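Reading through the structure tokens given below for one structure.
Here is the naming used below: chain letters follow the sequence lines, and residue numbers restart at 1 for every chain. Keep in mind that what you see is a predicted model, and the values were worked out from it rather than measured.
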Amino acid sequence: MIKRMLFHFGKYLMWMRTVFSRPEKMSMYYKETIRQMDQIGIGSLKIVFIISAFIGAVTAVQLSYQLGETLVPKWYVGYILRDLVIIEMAPTITSLVLAGKIGSNIAAEIGGMRQKEHIDAMEIMGVNTASYLVQPKLIAALLTIPMLVILASALSIGSGFMISTITGSFTTAEFLKGLTSFHLPYNVWIMVVKAVVFAFILTTISSYHGYFVKAGSIALGKAGTDAVVYSNIMILVADYIIATLMV
Amino acid sequence: MIKAKNIFKSFGDTDVLKGIDFIFEQGKTNLIIGQSGAGKTVMLKILVGLLEPSAGEIWYDHTNFSGLNKKEMRAMRMQMGMLFQGSALFDSMSVEDNVRFPMDMFTNKTEKEKQERIDYCLELVELENANKKFPSEISGGMKKRVGIARSIVLNPKYLFCDEPNSGLDPKTALVIDELIKDITREINITTVINTHDMNSVMEIGENILLLNQGKMAWTGSKDSVINADNKYLQEFIFASPFLKRLKEKALAFDNQQL
């Protein structure tokens, strides 16, 4: 198993060198990047909106429940919620969900192109397919996923505030006091770094699984599953490493 | 002209090609024929560089294709066009955009020049009225014709066709065969066709390579097929009882004439 993992890791690194080759024609890459930004960024707004709203609401409810009977002041809920969402929830949960949505989509799209000989057709034309198919997706993801994560954090905090005040867990003033206390701008930086790293991981791993898919619909299905599973595992590993290095 | 010099190809312990020596001539329709599993597709993929031979060399005129690095190979491939078995048209693009793609990627032509070239290629394959349609909206035969238009849009020196008639009715298959033959003559390119369609062999087989279990079983042209003294070739070409009867009648007619 370790041998297989090392084989794939080596193959992935070699392939990444091809991915970062100089584009044949900038205008074609630019056009494709814009298309991918629309697909990845705009196309993920709905799911990001829904999960963020629930993450914030559930976290606020549970924090209120856990801290309710203690001597910890109520306004601490706002403070803990803010940092929890910014440092961990928004970048990690959003990226895990996006790995499922975007990752499986990328693996299926590239894998389908491989199976239908589209990639071979481009190769015969002289196109560097690894670069043309992956670079625009990667740039689009690196630009849009951090923005989605920032949006997710704002939505989560907003929904946490709304649900807590509606249910009467605490007052607006208490929540705002917590939200504005002990704020470290550095935490936002951690969130952005995480979002960029996770975007890189989920795009390249999913593309790798699609690009090297074998023939048949079962293999295509497996590529989609592997793309999501390995992206998620690597996101969590990277999450730990970033937390160790930056916190 | 493409020269295959002593080509061997193995996958693990399985030897698929065993010493193929053949010259694919310019301005002619060169056919690779053989039963399923004979090594035709592997041979074609080696010719275009999608597979590397285990041993041997491929020469494009005076260039050793097997000795090129990836970058040089990509540059060389811009002189090639290929029609795939399933056409391999990009689903998200219209017929016109499929044909336009190689030009957008590799040329700096003006929009007017590009449009003129697209119109010319689509006219050549008689699809000038289907330019705005998507691959899902056209028939199998039309897809093949779009594939041909796309493969010749950059004026290639070499055209490769993988089973161009598969899945087509005999009439459409004949149209595709004629089209490939005309294009080969008109722009004087080296065309290599991988097929097991016997009508194609007898219609457009100007230079034929017959493969049997990875070995060269026979070479010649359509004119020499009927009288060739090669048992495997005769069994392969005239496998169907209908064609066998037809051959016997043709030979009997020839004898009567003599």
> Atom CD1 of Ile124(A) and atom CZ of Phe84(B): how far apart are they, to the nearest 0.5 Å?
Replying inline: 5.0 Å
> Taking atom CE of Met1(B) as the centre, does the number of heavy atoms from other residues, nucleotides or ligands within less than 6.0 Å exceed 12?
Replying inline: yes
>> With a 6.0 Å cut-off (strictly less than), is the heavy-atom count around CZ of Phe54(A), excluding the residue itself, greater than 12?
In response: no
> Side chains of Val127(A) and Phe106(B): does their closest heavy-atom pair fall under 4.5 Å?
Replying inline: yes
> If you draw a 6.0 Å radius around CG in Leu6(A), do more than 12 non-hydrogen atoms from other residues or ligands fall strictly inside?
Replying inline: yes
> So, for Met78(B) and Met125(A), which heavy atoms are closest and what is the spacing to 0.1 Å?
Replying inline: CG-O, 3.4 Å
>> Taking CZ in Phe9(A) as the centre, count heavy atoms belonging to other residues, nucleotides or ligands within less than 6.0 Å. Is the count above 12?
In response: no
> Out of Leu83(B), Leu50(B), Val48(B), Leu154(B), which one racks up the most heavy-atom pairs below 4.5 Å with chain A?
Replying inline: Leu50(B)
> Which pairs, with at least one residue in residues 145-154 of chain A and sequence neighbours excluded, count as a side-chain hydrogen bond (donor to acceptor under 3.5 Å, both in side chains)?
Replying inline: none
Check chain A against chain B and list any donor-acceptor pairs under 3.5 Å.
from: Lys25(A); atom 1: NZ; to: Asp104(B); atom 2: O; distance (Å): 3.0
from: Lys25(A); atom 1: NZ; to: Thr107(B); atom 2: O; distance (Å): 2.4
from: Lys116(A); atom 1: NZ; to: Asp91(B); atom 2: OD2; distance (Å): 2.4
from: His118(A); atom 1: NE2; to: Leu89(B); atom 2: O; distance (Å): 2.8
from: Glu123(A); atom 1: OE1; to: Arg77(B); atom 2: NH1; distance (Å): 3.2

